[in-house]
Structures are given as C-alpha cells and as structure tokens.
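Working notes, structure below.
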Amino acid sequence: MTKRLTEVAKKAGVSEATVSRVLNGRDGVSEATRTAVLTALDVLGYERPTKLRGERARLVGLVLPELQNPIFPALAEVVTGSLAQRGYTPALCARTIGGVSEMDYVEMLLDHQVSGVIFAGGSYALADAKHDHYRRLTDRGLPVVLVNAGVDELGFPRVSTDDAVAVEQAYGHLRSLGHERIGMVLGPEGHVPSRRKLDAMVQAAGWGDGERECVERSSFSMEGARVAATKLVERGVTGIICASDVLALGTIRAARRLGRAVPADISVVGFDDSAFMTCTDPPLTTVRQPIETMGQAAVDLLVTQIEGVGVLQDELLFEPELVVRGSTAPAPRR
C-alpha cells in the first residue's frame with residue numbers, strides 16, 4: 001500500500017497524503033488534483049477503489065507505428081494537445097521493431113480502462129494483416145477513430161487524406177513539366193492508402209496493364225525505396241511519385257547512386273510534407289497532408305463517441321495541398 005501511494009504521488013506530482021484523501025473519498029481536494037491522481041492510478045495499472053470504479057478513466061490511447069517518420073510526432077503533437085484541451089489524458093503508444101506490438105498495446109490500454117483509442121498507420125491499413133485486436137475493441141463498445149484509410153469491414157470512423165486528389169495534383173504537376181514516363185513508389189501490396197493512390201494514377205494517366213511496370217512496392221523505409229526506385233530509373237522513368245516523404249528521400253538516393261541528378265534528370269514528389277523537407281537537398285516537392293485539421297477532427301470524432309452524442313461511420317476526406325520545391329523540374333531533353 002505504501003509503495004502504491006509513493007508511486008501514484010510521484011506520477012501525479014502531489015503528496016502521499018493527497019493521494020490518500022482521493023482514494024478514501026475525502027474532501028479538501030480540487031477536481032483537477034483528483035483527476036490527476038485517478039489518471040496516475042490508471043496509468044500505473046493499479047485498480048481504483050471500489051467506490052471509484054464507476055467513473056471511467058479520462059485516458060485516451062494514441063497508437064502510432066513509429067516515431068522516426070516526422071509525420072507521426074507531428075500528428076501526436078496535435079492530438080495530445082487537443083485531447084488535453086478537452087480534459088483527457090493522452091497515453092502515447094509507439095510501436096518499435098521487435099518491441100511491443102499493436103495487439104499488445106491494445107491489451108494494455110484495455111487493462112487501463114481507457115475511454116477511447118486513436119490509431120494512425122496501424123495494421124488496419126493492411127488488407128492481409130490480422131485484425132482480431134480491433135474486433136476486441138468493437139466487442140467492448142470502445143470508441144475508436146482511425147487516421148487514414150483502412151479496411152472497410154472494421155466499421156470504425158476514419159479521418160483520411162484524399163489519396164485520389166493527392167495523386168491528381170502530383171501527376172498533373174509532373175505532366176505540366178513535360179514528363180511523360182511517370183512512375184510510383186508505393187507501400188506494400190495490401191496497404192490500402194497505396195491501393196487508392198494506384199487506382200487514382202490508373203484513372204489520371206489512363207494506364208493499361210502494360211504501364212504497371214512503372215509501379216514498384218516497398219516497405220516504408222529509405223532503403224526499401226532505394227531498391228524500388230532503382231528499378232524505375234533503370235526502366236527510363238523521369239518522374240516518380242512516392243507514397244511518403246521517407247520513400248521520396250530513398251528515391252533521391254537511388255537516383256544519385258545511379259549517377260542521375262535530381263531534379264535535372266529525375267523529378268521526385270513525396271507525400272506528407274513532414275518536418276525538415278525544406279532542409280533536404282534538394283528541398284522536397286511533396287503533397288502536404290493537413291495534419292493539424294485531421295488530428296483535431298479525429299479528437300472531435302472520438303470525444304463525440306465517448307460522450308454518447310453519436311457515431312459518424314462515414315469516412316471524412318481532407319484535401320491535400322501540393323507544395324512545389326526543388327526536387328521537380330522540366331523533363332530532360334532526349
């Protein structure tokens with residue numbers, strides 16, 4: 001008991017006497033302090049006293065695939081700030097290679113009796129991945145919001161960038177510069193946002209089966225993109241649209257290793273407009289996701305569910321913006 005009081009007091013930033021007053025339901029404690037103590041109790045995995053268990057924790061999970069890609073810390077900043085303004089405490093869960101899995105995080109969040117969960121870049125976006133842990137959330141009736149496209153059958157509200165508009169903008173930009181042979185570096189075969197981007201490219205470019213050689217798949221890593229983009233450059237592609245900024249940076253690296261200059265020989269367009277893309281060499285032309293608007297919308301959707309106002313099952317699509325910088329230029333003369 002003494003150890004629990006000490007840990008909770010340290011986590012909440014209050015005295016052990018204050019923690020004791022909260023746990024015993026005594027007066028003389030502000031509502032903000034009381035909430036901080038109960039949240040600390042939840043985060044540390046301790047059970048609430050019986051008389052306090054009826055109060056649902058104001059704790060919300062934010063599950064991200066990684067923190068190395070700058071777009072995810074940017075989203076986390078928006079979501080955690082918006083949650084705090086609404087009186088909720090965010091619990092950030094970032095997966096790592098060989099570390100805690102998304103499924104494990106779901107179990108941990110359920111154990112902590114969270115009020116809801118926001119997912120970004122999870123296995124919900126992979127058609128061939130296991131989705132049993134999401135169904136556990138559905139069975140519990142727990143409010144959930146997904147950021148960016150996922151498999152339809154899960155039925156969760158989604159806040160997404162319009163992939164079709166993103167590709168139309170990127171393709172239109174490269175065509176205006178005179179590029180005729182345009183390729184794509186996309187995520188894995190079952191990645192739903194990448195599927196949407198490919199469908200949009202087929203529509204915009206009028207591709208038949210023969211043009212599919214202008215598409216290469218990759219993991220969302222610079223090294224994976226380097227391998228994929230090398231094949232496209234060797235096939236004579238002069239403009240490459242990538243499914244993320246990280247893939248775009250790997251593509252630039254591939255071009256340079258083949259002795260090609262960017263953008264004089266190869267033009268590259270990314271997707272995200274994550275931090276520091278103005279500082280790359282050359283600065284990256286990319287399609288900007290409206291992360292701030294999307295993050296706030298995700299929190300709004302989640303809080304609406306938590307408060308029992310209603311659930312919007314439709315997918316909210318947000319329009320991206322093409323940001324032209326130094327990685328694209330007129331097509332090289334043949």
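Quick note: residue numbers are just sequence positions, from 1.
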Criterion side chain to side chain donor-acceptor pair (under 3.5 Å) on His179 and Ser267, from CA distance to verdict: CA-CA 9 Å; His179 293 274; Ser267 286; 3.2 Å; yes
Go through Glu168 and Lys197 one step at a time and tell me if the salt bridge (charged side-chain N to carboxylate O under 4.0 Å, His left out) criterion holds. CA-CA 9 Å; Glu168 288 166 6; Lys197 288 181 175 68; over 6 Å; no
Start with the C-alpha gap between Tyr105 and His133, add the side-chain angles, then the distance that decides, and say whether ring-ring contact (aromatic ring centres under 6.0 Å, His included) holds. CA-CA 10 Å; Tyr105 272 131; His133 53 294; over 10 Å; no
Please lay out, stage by stage, how His191 and Leu186 fare under the test side-chain contact (heavy atoms from CB on, under 4.5 Å). CA-CA 9 Å; His191 186 243; Leu186 300 175; over 6 Å; no
Criterion side-chain contact (heavy atoms from CB on, under 4.5 Å) on Val167 and Leu198, from CA distance to verdict: CA-CA 8 Å; Val167 169; Leu198 178 56; over 6 Å; no
Might you work through the side-chain contact (heavy atoms from CB on, under 4.5 Å) test for Ile241 and Ile182, ending with a clear yes or no? CA-CA 8 Å; Ile241 300 170; Ile182 299 171; 4.1 Å; yes
Please report the C-alpha distance between Gln169 and Glu319 in whole Å, then the side-chain angles of each, then the deciding distance to 0.1 Å, and finally whether the side-chain contact (heavy atoms from CB on, under 4.5 Å) criterion is met. CA-CA 11 Å; Gln169 291 177 348; Glu319 186 162 332; 4.2 Å; yes
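For the residue pair Arg135 / Thr138, no side-chain donor-acceptor distance below 3.5 Å is found, with atom types taken as modelled. Gln289 and Thr161 share a donor-acceptor pair across their side chains, judged by distance under 3.5 Å alone. Judged by distance alone, the side chains of Asp245 and Ser274 do bring a donor and an acceptor atom under 3.5 Å apart. Residues Thr328 and His173 have side chains that bring a donor and an acceptor to within less than 3.5 angstrom of each other. Residues Ser20 and Asn24 bring a donor and an acceptor atom of their side chains to less than 3.5 Å of each other. For Glu153 and Tyr134, the side-chain atoms include no donor-acceptor pair closer than 3.5 Å.
A salt bridge links Asp300 with Arg86; the closest basic N to acidic carboxylate O contact falls under 4.0 Å. Using a cutoff of 4.0 Å between basic side-chain nitrogens and carboxylate oxygens, Arg226 and Glu223 are scored as salt-bridged. With respect to Glu16 and Lys10, no salt bridge is recorded, no charged nitrogen being found less than 4.0 Å from a carboxylate O. With salt bridges taken as basic N to acidic carboxylate O contacts below 4.0 Å, one links Arg196 and Glu315. Under a 4.0 Å N-O distance rule, the pair Asp265/Arg260 does not qualify as a salt bridge. Between Glu107 and Arg136, at least one side-chain nitrogen of the basic residue sits less than 4.0 Å from a carboxylate oxygen of the acidic one, meeting the salt-bridge criterion.
Counting only heavy atoms from C-beta outward, the side chains of Val299 and Tyr88 never approach each other to under 4.5 Å. At a threshold of 4.5 Å between non-hydrogen side-chain atoms, the residues Met184 and Arg217 do not count as touching. Here the side chains of Phe220 and Ser194 are in contact, with some heavy-atom distance below 4.5 Å. In this structure, the side chains of Leu110 and Leu137 come closer than 4.5 Å at one or more pairs of heavy atoms. Residues Ile306 and Val60 form a side-chain contact, since some pair of their non-hydrogen atoms from C-beta on lies under 4.5 Å apart. Side-chain contact check for Thr286 versus Arg325: some heavy-atom pair is nearer than 4.5 Å. You'll find the side chain of Val63 stays beyond 4.5 Å of the side chain of Ile118, heavy atoms only. In this structure, the side chains of Thr285 and Leu322 come closer than 4.5 Å at one or more pairs of heavy atoms.
Between the CG atom of Leu142 and the CG atom of Leu109 there is a distance of 8.5 Å, given to the nearest 0.5 Å. Within the model, atoms OG1 of Thr251 and CD1 of Ile266 stand 10.0 Å from one another, a figure rounded to the nearest 0.5 Å. Here the straight-line distance linking atom CD1 of Ile71 with atom CG of Leu64 works out to 11.0 Å at 0.5 Å rounding. Residue Arg26 holds its CZ atom at 14.0 Å from CZ of Arg34, rounded to the nearest 0.5 Å.
In terms of heavy atoms, Leu232 sits closest to Val215 at CD2-N, 4.0 Å. Counting all heavy atoms, side chain and backbone alike, Val287 lies closest to Pro320 at CG1-CB, 3.4 Å. Residue Ala149 comes nearest to Tyr124 through the heavy atom pair O-CE1, 3.7 Å, listed as atom of the first residue, atom of the second, then distance. The minimum heavy-atom distance linking Arg256 with Pro282 is given by the pair NH2-CD, 3.4 Å. Here the closest non-hydrogen pair linking Gly326 and Pro263 is O-CG, 3.3 Å. Nearest heavy atom pair, residue Ala170 against residue Val269, reads CB-CG1, 3.9 Å.
Other residues, nucleotides and ligands contribute over 12 non-hydrogen atoms within 6.0 Å of the CD atom of Glu321. Within a 6.0 Å sphere centred on CD of Glu180, other residues, nucleotides and ligands contribute 12 heavy atoms or fewer. Within 6.0 Å of atom CZ in Arg253, 12 or fewer heavy atoms from other residues, nucleotides or ligands are found, so the atom counts as exposed in its surroundings.
Cluster annotation: Ile252 is not connected to Val227 through the hydrophobic network of ILVMFWY side chains, with a link wherever side-chain heavy atoms come within less than 4.5 Å. A continuous path of Ile, Leu, Val, Met, Phe, Trp and Tyr side chains, each step under 4.5 Å between heavy atoms, connects Met222 with Val262, placing both in one hydrophobic cluster. Both Val29 and Leu38 belong to a single network of hydrophobic side chains, linked directly or stepwise wherever heavy atoms of I, L, V, M, F, W or Y lie under 4.5 Å apart. One hydrophobic cluster, built from ILVMFWY side chains closer than 4.5 Å, cannot hold both Leu126 and Val117; they sit in different ones. Hydrophobic clustering (side-chain heavy atoms under 4.5 Å, transitive across Ile, Leu, Val, Met, Phe, Trp, Tyr) groups Phe318 together with Phe72.
For the side-chain contact (heavy atoms from CB on, under 4.5 Å) with Met294, the qualifying choice from Leu316, Asn148, Leu75 is Asn148, the only one to do so. In summary, of the residues considered (Leu62, Val145, Leu146), a side-chain contact (heavy atoms from CB on, under 4.5 Å) with Phe119 occurs for Leu146 alone.
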